[in-house]
**Q** 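Please read through the structure below; I'll follow up with questions.
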Amino acid sequence: MEKLLKQNIAFFDSEFTSNSLKDRGIQELIQCALIVCTVTYTEEKKPIGISNPIAEYKTFVKTNYNKELSEYIKGLTGITNDEMKRGESFADVMMKLRDLIEQYKIKSIVVWGPDQMLLRRNCALNGFEKNTMRKILDRFKDVSVKISKLYGYKCSVSQKQICENLKLKMDGKNHDAYYDALNLSKMISRIVENNQK
């Protein structure tokens, strides 16, 4: 019988103060979530299953430059100015992410879209220390293009479209960092499950 191995993996999503298509200005982090699961895989590195979440971190983030959210972003995300203002500091959020990554020995953080690029800009904007930043952001893996192409799309599409292809019911509301990270974990789990069949 083949030996099965286990490794923790994380799923991450974030929301920002502006959407370059609708707003102008600095895109600051206002909400993020990290979901930690365990992947079971074969000695040949073929994943055969992903667990339910074993740890979660979700928070609103206080901004330094954008003191008010645009009506578009409030409508899109459901985040209020009060929630943003009561959020944790960017530095505290990054340190908590780093601590979770180290605690659970996470080598890969799965994202859907340009989270890594936007967080890298936010790190520079906030003068965040580069070695800690690399410990977090170098683990990010954007799967949006690869999975979209797997399901016949020419370019990256929304998580919602892929979930519809998989006949997977999404939890919560789109553009809520926690539910987007949770739905991403369920989507990848279903893809792994389907591949086994």
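Residue numbers count from 1 along this sequence.
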**Q** Going through the distances and angles, do C163 and M170 end up as a side-chain contact (heavy atoms from CB on, under 4.5 Å)?
**A** CA-CA 7 Å; C163 285; M170 296 181 79; 3.7 Å; yes
**Q** Applying the side chain to side chain contact (heavy atoms under 4.5 Å, CB included) criterion to C37, which one of I106, I188, I9 satisfies it?
**A** I9
**Q** Looking only at heavy atoms, which two atoms of W112 and I162 are closest? And how far apart?
**A** CH2-CG1, 3.7 Å
**Q** If every non-hydrogen atom of C123 is compared with every non-hydrogen atom of M94, which pair is closest and at what distance?
**A** SG-CE, 3.6 Å
**Q** Of all residues at least two apart in sequence or in a different chain, which pass the side chain to side chain contact (heavy atoms under 4.5 Å, CB included) check with E71?
**A** K74
**Q** Residues in ring pair (Phe, Tyr, Trp, His ring centres under 6.0 Å) with F140, at least two apart?
**A** F12
**Q** Going by side chain to side chain contact (heavy atoms under 4.5 Å, CB included), name the residues that satisfy it together with Q103, two or more places apart in sequence or in a different chain.
**A** L100
**Q** Can you see which heavy atom on F128 is nearest to which on T132, and at what distance?
**A** CE2-CG2, 3.7 Å
**Q** Give the C-alpha distance, both sets of side-chain angles, the deciding distance and a yes or no for side-chain contact (heavy atoms from CB on, under 4.5 Å) between V93 and C32.
**A** CA-CA 9 Å; V93 170; C32 69; 3.6 Å; yes
**Q** Assess, by modelled atom type and distance only, whether the side chains of N183 and Q159 contain a donor and an acceptor separated by less than 3.5 Å.
**A** no
**Q** Test of understanding: with side chain to side chain contact (heavy atoms under 4.5 Å, CB included), list the residues that count as partners of N64, not counting sequence neighbours.
**A** E28, N126
**Q** Using a distance-only test with no angle check, is there a side-chain donor-acceptor pair under 3.5 angstrom linking S89 and D92?
**A** yes
**Q** Could you check whether T40 and K6, counting side-chain N and O atoms only, form a donor-acceptor pair closer than 3.5 Å?
**A** yes
**Q** Between the side chains of E83 and K62, is the shortest nitrogen-to-carboxylate-oxygen separation below 4.0 Å, so that they form an ion pair?
**A** no
**Q** Which donor-acceptor pairs under 3.5 Å do the side chains of residues 54-61 make with protein atoms, sequence neighbours left out?
**A**
residue	atom	partner	partner atom	Å
E56	OE1	Y178	OH	3.3
E56	OE2	Y178	OH	2.9
Y57	OH	E88	OE1	3.4
Y57	OH	E88	OE2	3.0
T59	OG1	E88	OE2	2.6

**Q** Going through the distances and angles, do Q116 and I109 end up as a side-chain contact (heavy atoms from CB on, under 4.5 Å)?
**A** CA-CA 10 Å; Q116 181 186 37; I109 302 171; over 6 Å; no
**Q** Anything under 3.5 Å between a donor and an acceptor, one on a side chain of residues 148-156, the other on a protein residue two or more places apart or in another chain? List them.
**A**
residue	atom	partner	partner atom	Å
S148	OG	S144	O	2.7
S148	OG	V157	N	3.0
S156	OG	S144	OG	3.3

**Q** For R120 and M133, which heavy atoms make the closest approach, and how far apart are they?
**A** NH1-CE, 3.9 Å
**Q** Where is the tightest heavy-atom contact between A177 and Q31, given as atom of each residue plus distance?
**A** N-OE1, 3.0 Å
**Q** Treating T63 as the side-chain partner and Y65 as the backbone partner, does any N or O pair qualify as donor plus acceptor under 3.5 Å?
**A** no
**Q** Any donor and acceptor pair, going by atom type alone, linking the side chain of D115 with main-chain N or O of D13 inside 3.5 Å?
**A** no
